[in-house]
Amino acid sequence: MLSIKYIQENKEKVLERLGIKNFKGEEIIDKALELDNLRKTTQAELDRQLAEANNLAKIIGSLFKEGKTREANEAKQKTAQLKESTKELGLKLESAEKELNLVLVQIPNLPHESVPAGKGAEDNCIVKTHGEIPVMDNTALPHWDLAKKYDIIDFETGVKITGAGFPVYKGKGAKLQRALINFFLDEAEKAGFFEVQPPIMVNEDSGFGTGQLPDKEGQMYHAEIDNLYLVPTAEVPVTNIFRDVILNRKDLPVKYTAYTPCFRREAGSYGKDVRGLNRLHQFDKVEIVCIDHPENSYHTLEEMVKHAESLIFKLELPYRIVKLCGGDMSFTSALTYDFEVYSGAQKKWLEVSSVSNFESFQANRLKLRFKDDNDKRNQLAHTLNGSALALPRIVAALLENNQTAEGIKIPKVLVPYTKFEMIN
RNA sequence: GGAGAGAUGGCAGAGCGGUCGAAUGCGGCGGUCUUGAAAACCGUUGUCCGGGCAACUGGACCGGGGGUUCGAAUCCCUCUCUCUCCGCCA
């Protein structure tokens, strides 16, 4: 969430930036400022009274020691009213803080200066396109048909075991998954990312830290008995490694990578773009997560973009990089690049990665800070993350674009991992 | 799941209900000494919220919440977590 101090000092700018995200903030910002004001004045008064009470307690203590019981008892009476009023003020402060928090949590992150205005996906800005868009004749099969033809992905059995969106990968299909995961992890390691294997269930605090909770419960599967959530992305457990952490300046940037399965309820998304691998409830993804100094975070974002791009490039898939407009960005992001690969038989672009800088929006929730040498105060770090990459749509594009009369060709770079060159 | 023990500063580990934000040791940082390093010695060392340009200053924090008391790290209740033993188990 945004820090109230920042809002205080930059109200006009905040409103203007929120406008880019099509968020009308006037009312809620005013409410936040008002509550913060109440919070401050209440605390000032409470602190004053507490100081007085502390002082009295000390005096009473020494009076008792000196045997001046009468004076002590007299002084005691004064503390009674202080006790009353501090209790009241304490409650007032608590409720002001709570209410303020409730309000702050509803304000989205501010988009970066460079983010274009826009309503939705149609206003996004294509920053780069690479590769030939394959021209396939009408006999070209979409990946769900190829999956069946070569018996490598079994959607129906997944439905039986669990439900729609939980496919069973078989034989070379399963090996392809494993190959991609290992390839992505190896590449991440080469690029300087430290591999971790986090839990794939998280508690509420973690969900809150990265911004999935509150309000976005619909996205995550919830195990109610234990009050745990299945992760929608490794971003959640990996970033939360650093919840309540104060890093040293010299530890920055932190660069982590993790493979996890990801679980998404996708409540309310039906229609034809859910066909096959296009939208699943469970899928595999290798994620990269960075934590950096505010001055360097956009440089790191560019590095992450380069890394994700290199993966798609090596897989020899046609792709484009899209900078999201304000209206299409997530609640928590300040700047997001999406990566899309072209899936030849479906004849459409599929999002396979999303790389974002959250600036201090998550860090503020996470209380993730670092010690700055120049500044006495600990500063909020910037958090970033991106997919590198999500598997299913990569597989969809690979299957479709590489289909031949003899079978499906595996990209050269993957062959050492799959140990086969062709799915046939 | 059953029984017991515990939770204090980066770590280890003290702490008669008042002078405890907290002894001591280790670690970290700065310095003296040294050609350099080590050792030794000296100093320093948490977080958050207010006020102040600042020096500085008020308040809060000893797992979380509540209570007793003029006063709680210290007493009581409760929750959570950790550890040990038993059971079950990949």
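Every chain is numbered from 1, with letters handed out A, B, ... down the list of sequences.
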Pairwise C1' distance for B:rG63 and B:rA5, with rounding to whole Å: 16 Å
Protein-to-nucleotide contact annotation, 5' to 3' order, nucleotides 57-76 of chain B [B base; S sugar-phosphate only; - none; under 4.0 Å, heavy atom]: -BSS------S-BBS-----
Atom P, compared across B:rG50 and B:rG31: separation rounded to whole Å: 34 Å
Exercise: do A:E235 and A:Q362 side chains pair donor with acceptor under 3.5 Å: yes
Partner nucleotide, any strand, of B:rG71 [Watson-Crick/G-U, under 3.5 Å]: none
P spacing across the pair B:rG25 / B:rU35, given as an integer number of angstrom: 30 Å
Atom P, compared across B:rG46 and B:rC29: separation rounded to whole Å: 15 Å
Donor-acceptor pair between A:S343 and A:E400 side chains, under 3.5 angstrom: yes
Exceeds 12 heavy-atom contacts within 6.0 angstrom, atom CD of A:E9: yes
Counterpart base for B:rG4, defined by Watson-Crick or G-U wobble contacts under 3.5 Å: B:rC83
Distance between C1' atoms of B:rG21 and B:rG30 (Å, rounded): 23 Å
Inter-nucleotide P distance (B:rU19, B:rU34), Å rounded: 45 Å
Nucleotide paired to B:rA12 in any strand shown, Watson-Crick or G-U, under 3.5 Å: B:rU24
Distance-only side-chain donor-acceptor flag, A:Y298 / A:H382, under 3.5 Å: no
Watson-Crick or G-U wobble mate for B:rC88, both contacts under 3.5 Å: none
Aromatic ring pairing A:F361/A:F331, orientation class (parallel under 30°, perpendicular over 60°, tilted between): perpendicular
Modelled atom types, side-chain donor and acceptor of A:H299 and A:E303, under 3.5 Å: yes
Complement of B:rG30, any strand, by Watson-Crick or G-U distances under 3.5 angstrom: B:rC42
Watson-Crick or G-U wobble partner of B:rG17, both distances under 3.5 Å: none
Sugar-phosphate, base or nothing in reach of A:I59, heavy atoms under 4.0 Å: nothing
Strand partner of B:rG36, provided both Watson-Crick or wobble distances fall under 3.5 Å: none
Separation of the C1' atoms in B:rA60 and B:rG4, to the nearest angstrom: 35 Å
Distance between C1' atoms of B:rU32 and B:rA37 (Å, rounded): 15 Å
Worked check of side chain to side chain contact (heavy atoms under 4.5 Å, CB included) between A:M220 and A:L213: CA-CA 9 Å; A:M220 291 191 289; A:L213 297 175; 3.8 Å; yes
